[in-house]
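Quick notes on the structure that follows.
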Protein chains: 2
Amino acid sequence: MVGSPNRDRKAERREATRREILAAAWEVAHETGLISVTLREIATRIGMRPPSLYSHFASKNAIFDAMFAQAWDEFHAVLEKAIPAFPADPRGRLLAGASTYFDFAVGDLARHQLMDMPMLPDFTPSAEAFQSSLQCYGLMRSLMDEIGIQRQADLDLYTALVGGLVNQQLANDPGGDRWRALLPRTVTLLADDLGLPPSPT
Amino acid sequence: MVGSPNRDRKAERREATRREILAAAWEVAHETGLISVTLREIATRIGMRPPSLYSHFASKNAIFDAMFAQAWDEFHAVLEKAIPAFPADPRGRLLAGASTYFDFAVGDLARHQLMDMPMLPDFTPSAEAFQSSLQCYGLMRSLMDEIGIQRQADLDLYTALVGGLVNQQLANDPGGDRWRALLPRTVTLLADDLGLPPSPT
DNA sequence: GTCTATACACCGATAGAC
DNA sequence: GTCTATCGGTGTATAGAC
């Protein structure tokens, strides 16, 4: 009976409801902040009663967990899709990678807080959800590896500097480009320090 | 009657209670996180009932407001006290300033979140409290001015890079020094970019 | 100024009918 | 799978006695 049309339809419907719940949760997070997400509000938005959510998620934190994985998977997809269009030279690739991350992070404050900040007191990503972030980090590291950057300290510095620009942009000039404009300069600083060959003119 | 001993004692006692409340609030913030600070918990720690706090603060946010000002005033004092011991050369001063800020920020996560992150959904610092942060920023800017750094973009870059190291340190290696160790290198990058003269050997 | 008592609005989660 | 009803708990804030 496995794989029968009946079974597929049921599973599809179930998955659709799950997606609907998560979409509503993101909606609330965008409008009122991550910590203000409540089961009541999620349920209301999709025309359900709060207890019904428990048929699809074991707890509120399970919803956050799914959102966490979703966010990292999304960035993984964005990065993978963007890489083929990256320039060939190391400096160009470094800037393209930084820009891709910057724009993704700045594009959604709630998502960035969930992915990169410990904002929810009682939430810790499950091992499965954490896998999504590790997979993403692996892709980033392979990209850096091509450029010739392997040392942990160099990777740490790279993530800190780009992340610093992201945070200032979100905290002090949301929607603007005051720190976004400093990204090329920052990447050049780093490229010089790492001794990357000059870009082809 | 103004300034009579009786009056002074009363005002002193009142101020002491205020300080006690704030100290308890910080204690809770350190142990359970900023968002988990509740009037109940504050009151319990100082042997009071929650409603009694309203004799000293108009609301919970008024407590956060006082904490916000307190934190910035504290950093102002720390910075002012540290400056006389700073090296004379520009590069040395730049690193000393960055180190002072880094150590202060990393030394207290809750304080850093209150000062530099928008973590509390319904809290916005009052104009008076914000003055404390502006005064502190003014001191920092005058320090940078001596070194010859005046352009807004340069100041923005400086704060973003140092802040990026702070955030990574707190998020990924609390208590350690993985990003702390990258501070001199980062400041050197920046000093080179700004064309600061080499340090005296 | 501090207390007791309480109002009021939330929250996450569970039990059990349908 | 969704519902109603409800439990047990959280929180801020106010009223009024002392």
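Chain naming here is simple, since letters A, B, ... match the order of the sequence lines and numbering starts at 1 in each.
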To the nearest Å, how far apart are [X] [atom1] and [N] [atom2]?
X: R49(A); N: dT6(D); atom1: CZ; atom2: C1'; answer: 16 Å
X: R9(A); N: dG1(D); atom1: CZ; atom2: C1'; answer: 16 Å
X: E12(A); N: dG1(D); atom1: CD; atom2: C1'; answer: 18 Å
X: E20(B); N: dG1(C); atom1: CD; atom2: P; answer: 14 Å
X: L53(A); N: dC11(C); atom1: CG; atom2: P; answer: 13 Å
X: F57(B); N: dT12(D); atom1: CZ; atom2: P; answer: 14 Å
X: L120(B); N: dG11(D); atom1: CG; atom2: P; answer: 15 Å
X: H56(B); N: dT12(D); atom1: NE2; atom2: C1'; answer: 17 Å

Both conditions, 6.0 Å and 45 degrees, for the charged tip of R111(A) above the ring of F104(A): are they met here? yes
Does a salt bridge link K10(A) with E15(A), judged by any charged N lying under 4.0 Å from a carboxylate O? no
Using heavy atoms to find the nearest nucleotide of DNA chain C for R13(B) and L39(A) separately, return the residue whose nucleotide is more 5′. R13(B)
Answer yes or no: does a side-chain N or O of S52(A) lie under 4.0 Å from OP1 or OP2 of dC3(D)? yes
Phosphate oxygens OP1/OP2 of dC11(C): is one of them under 4.0 Å from a side-chain N or O of T38(A)?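 For dC11(C), OP1 or OP2 has a side-chain N or O of T38(A) closer than 4.0 Å.
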Considering only [options], which nucleotide approaches the side chain of [X] most closely?
X: K60(A); options: dA5(C), dG1(C), dG12(C); result: dG12(C)
X: Y54(B); options: dT12(D), dT4(C), dC11(C); result: dT12(D)
X: R40(B); options: dC3(C), dG11(D), dT2(D); result: dG11(D)

Describe the nucleic acid contact of [X] in one word from base, sugar-phosphate, nothing, applying a heavy-atom distance below 4.0 Å.
X: P51(B); result: base
X: S55(B); result: base
X: R14(B); result: sugar-phosphate

Say whether Q135(B) and W72(B), considering side chains only, have a donor N or O and an acceptor N or O under 3.5 Å apart. no
Quick one: do the Q152(A) and D156(A) side chains pair a donor with an acceptor below 3.5 Å?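 Looking only at side-chain atoms, D156(A) and Q152(A) do form a donor-acceptor pair, the distance falling under 3.5 Å.
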Listed once per pair and sorted, the salt bridge (charged side-chain N to carboxylate O under 4.0 Å, His left out) pairs that draw on residues 190-200 of chain B, sequence neighbours left out: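 For residues 190-200 of chain B, and leaving out neighbouring residues, the salt bridge (charged side-chain N to carboxylate O under 4.0 Å, His left out) pairs sorted by first residue read R185(A)-D193(B), R91(B)-D192(B).
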